Amino acid sequence: MQYDRIDARILEVVQKNNRLTSEVIGEMAGLSATACQRRLKRLRSEGIIEADVSIVSAKAAGRPIQMLVLVNLERERSDIIDRFKKAIKSSVDVVNGFYVTGEADFVLYVTAPTMEEYEQFTRRFFYENPDIKGFKTMVIMDRVKVGFAVPIAAPPED
């Protein structure tokens, strides 16, 4: 997956606002709308742009309770890890899941409408899963920064 300086500019622009037209993005990157569309299509097909999303307020969506959950597995075996990754992907309550190094095996970002519903989630998702050794929940008090923008490194000039 390679990109050039013009692609880097396009990536910077669409990470801030992916609703801009190809004309506007192209103008900001020094391209015609058609050339910009071709580059965007390539960036998406090569997986450099993984998704075009909107960031929705959990509170506005009726899920004001937000937690970071540190999860430890009973054992680190590939079948157990794969099974838990599948469970994460299939859960609507888990917004983001990360397989990590350090004290925990996974870090999850979970939302819930109420603390009671989060407790029900923990019973289903953790207590009923024999592969889970333990978990720690940190309730998010304030979402200070949210986003998915990655700093874009411009490739060296030829």
Side-chain angles (χ1 to χ4, degrees), residues 1-3 7-22 24-25 28 36-37 39-154:
M1 288 191 259
Q2 300 228 336
Y3 60 89
D7 291 336
R9 180 65 183 135
I10 291 170
L11 293 169
E12 288 173 345
V13 170
V14 297
Q15 283 192 108
K16 291 181 182 133
N17 184 352
N18 71 352
R19 294 186 59 179
L20 296 174
T21 65
S22 296
V24 173
I25 298 167
M28 296 171 85
C36 181
Q37 286 173 338
R39 284 178 178 259
L40 282 167
K41 183 177 180 181
R42 182 182 53 78
L43 291 167
R44 288 182 177 106
S45 69
E46 291 180 2
I48 294 172
I49 295 177
E50 292 182 7
D52 293 290
V53 299
S54 296
I55 298 172
V56 176
S57 162
K59 185 176 180 181
R63 301 184 69 85
I65 309 297
Q66 301 169 73
M67 286 79 46
L68 291 177
V69 185
L70 307 177
V71 182
N72 287 300
L73 300 177
E74 197 62 55
R75 281 174 226 84
E76 282 202 61
R77 278 192 349 227
S78 61
D79 61 323
I80 293 172
I81 293 166
D82 291 344
R83 205 168 30 247
F84 192 63
K85 285 179 179 180
K86 188 175 181 181
I88 290 169
K89 290 176 183 177
S90 67
S91 173
V92 296
D93 299 303
V94 179
V95 178
N96 287 301
F98 305 94
Y99 179 41
V100 298
T101 62
E103 293 184 31
D105 297 314
F106 286 86
V107 176
L108 309 179
Y109 168 55
V110 178
T111 64
T114 64
M115 194 53 81
E116 291 79 19
E117 290 199 35
Y118 175 66
E119 181 186 5
Q120 290 171 6
F121 165 78
T122 63
R123 290 174 185 268
R124 284 188 321 271
F125 203 76
F126 301 122
Y127 292 126
E128 293 177 6
N129 185 338
D131 295 330
I132 304 297
K133 181 178 183 179
F135 68 97
K136 292 180 183 176
T137 301
M138 296 179 287
V139 177
I140 297 171
M141 295 173 48
D142 184 19
R143 189 168 79 171
V144 178
K145 180 180 180 181
V146 65
F148 293 101
V150 175
I152 302 299

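Here, residue 1 is the first one in the sequence, and each next residue gets the next number. Predicted model only: the values in this text are computed from it and were never measured.
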Seminar exercise, completed: Value for CG (Asp131) from CZ (Arg77), rounded to nearest 0.5 Å, stands at 7.5 Å
For this session: Could you walk me through whether Tyr99 and Ile81 pass the side chain to side chain contact (heavy atoms under 4.5 Å, CB included) test, one step at a time?
Result: CA-CA 9 Å; Tyr99 179 41; Ile81 293 166; 3.1 Å; yes
Exercise. After noting the C-alpha distance and the side-chain angles of Val110 and Phe125, does the key distance pass the side chain to side chain contact (heavy atoms under 4.5 Å, CB included) rule?
Worked result: CA-CA 11 Å; Val110 178; Phe125 203 76; over 6 Å; no
Exercise. Rounded to the nearest 0.5 Å, what separation is found between the CZ atom of Arg39 and the CD1 atom of Ile49?
Worked result: 12.0 Å
Exercise. Is there a side chain to side chain contact (heavy atoms under 4.5 Å, CB included) between Met28 and Leu20 once you walk through the steps?
Worked result: CA-CA 11 Å; Met28 296 171 85; Leu20 296 174; 4.2 Å; yes
Seminar exercise, completed: All heavy atoms of Ala104 vs all of Leu70, minimum pair found to be CB-CB, 3.8 Å
Problem set entry | All salt bridge (Lys or Arg N to Asp or Glu O under 4.0 Å) counterparts of Arg19, not counting sequence neighbours | none
In a table with atom names and distances, give each donor-acceptor pair under 3.5 Å that connects a side chain of residues 132-152 to protein atoms at least two apart or in another chain.
from, atom 1, to, atom 2, distance (Å)
Thr137, OG1, Tyr118, OH, 2.6

Exercise. So, does Ser91 use its side chain to make a donor-acceptor pair with the main chain of Ala87 at under 3.5 Å?
Worked result: no
Exercise. What's the verdict on side chain to side chain contact (heavy atoms under 4.5 Å, CB included) for Tyr3 and Ile10, showing C-alpha distance, side-chain angles and the deciding distance?
Worked result: CA-CA 10 Å; Tyr3 60 89; Ile10 291 170; over 6 Å; no
Problem set entry | By salt bridge (Lys or Arg N to Asp or Glu O under 4.0 Å) - contacts of Arg42 (at least two apart) | Asp7, Glu46
For this session: Could I get the full list of salt bridge (Lys or Arg N to Asp or Glu O under 4.0 Å) partners for Asp82, not counting sequence neighbours?
Result: none
Seminar exercise, completed: Value for NZ (Lys86) from CZ (Arg83), rounded to nearest 0.5 Å, stands at 10.0 Å
Exercise. Parallel, tilted or perpendicular: which fits the ring planes of Phe84 and Phe106, with parallel below 30° and perpendicular above 60°?
Worked result: perpendicular
Seminar exercise, completed: The reported gap from CD1 in Ile25 to CG in Leu11 (rounded to nearest 0.5 angstrom) is 10.5 Å
Exercise. Do Asp93 and Arg124 have side chains that get closer than 4.5 Å, going by heavy atoms?
Worked result: yes
Problem set entry | Minimum heavy-atom distance between Leu40 and Ser22, given as atom pair plus value | CD1-OG, 4.4 Å
Exercise. Nearest heavy-atom pair of Val56 and Ala61: which atoms, and what distance?
Worked result: CG1-CB, 4.3 Å
Problem set entry | Contact summary for Asn18 and Val53, nearest pair of heavy atoms | ND2-N, 3.5 Å
Exercise. Should Ile80 and Glu76 count as side-chain neighbours, where that means a heavy-atom distance under 4.5 Å?
Worked result: no
Problem set entry | Sequence-distant partners of Glu50, side chain to side chain contact (heavy atoms under 4.5 Å, CB included), two or more places apart | none
Exercise. Who passes salt bridge (Lys or Arg N to Asp or Glu O under 4.0 Å) against Asp105, sequence neighbours left out?
Worked result: none
Problem set entry | Gap separating the CD atom of Gln120 from the OG1 atom of Thr114, nearest 0.5 angstrom | 7.0 Å
Exercise. Side-chain contact, heavy-atom cut-off 4.5 Å: Arg123 with Glu119?
Worked result: yes
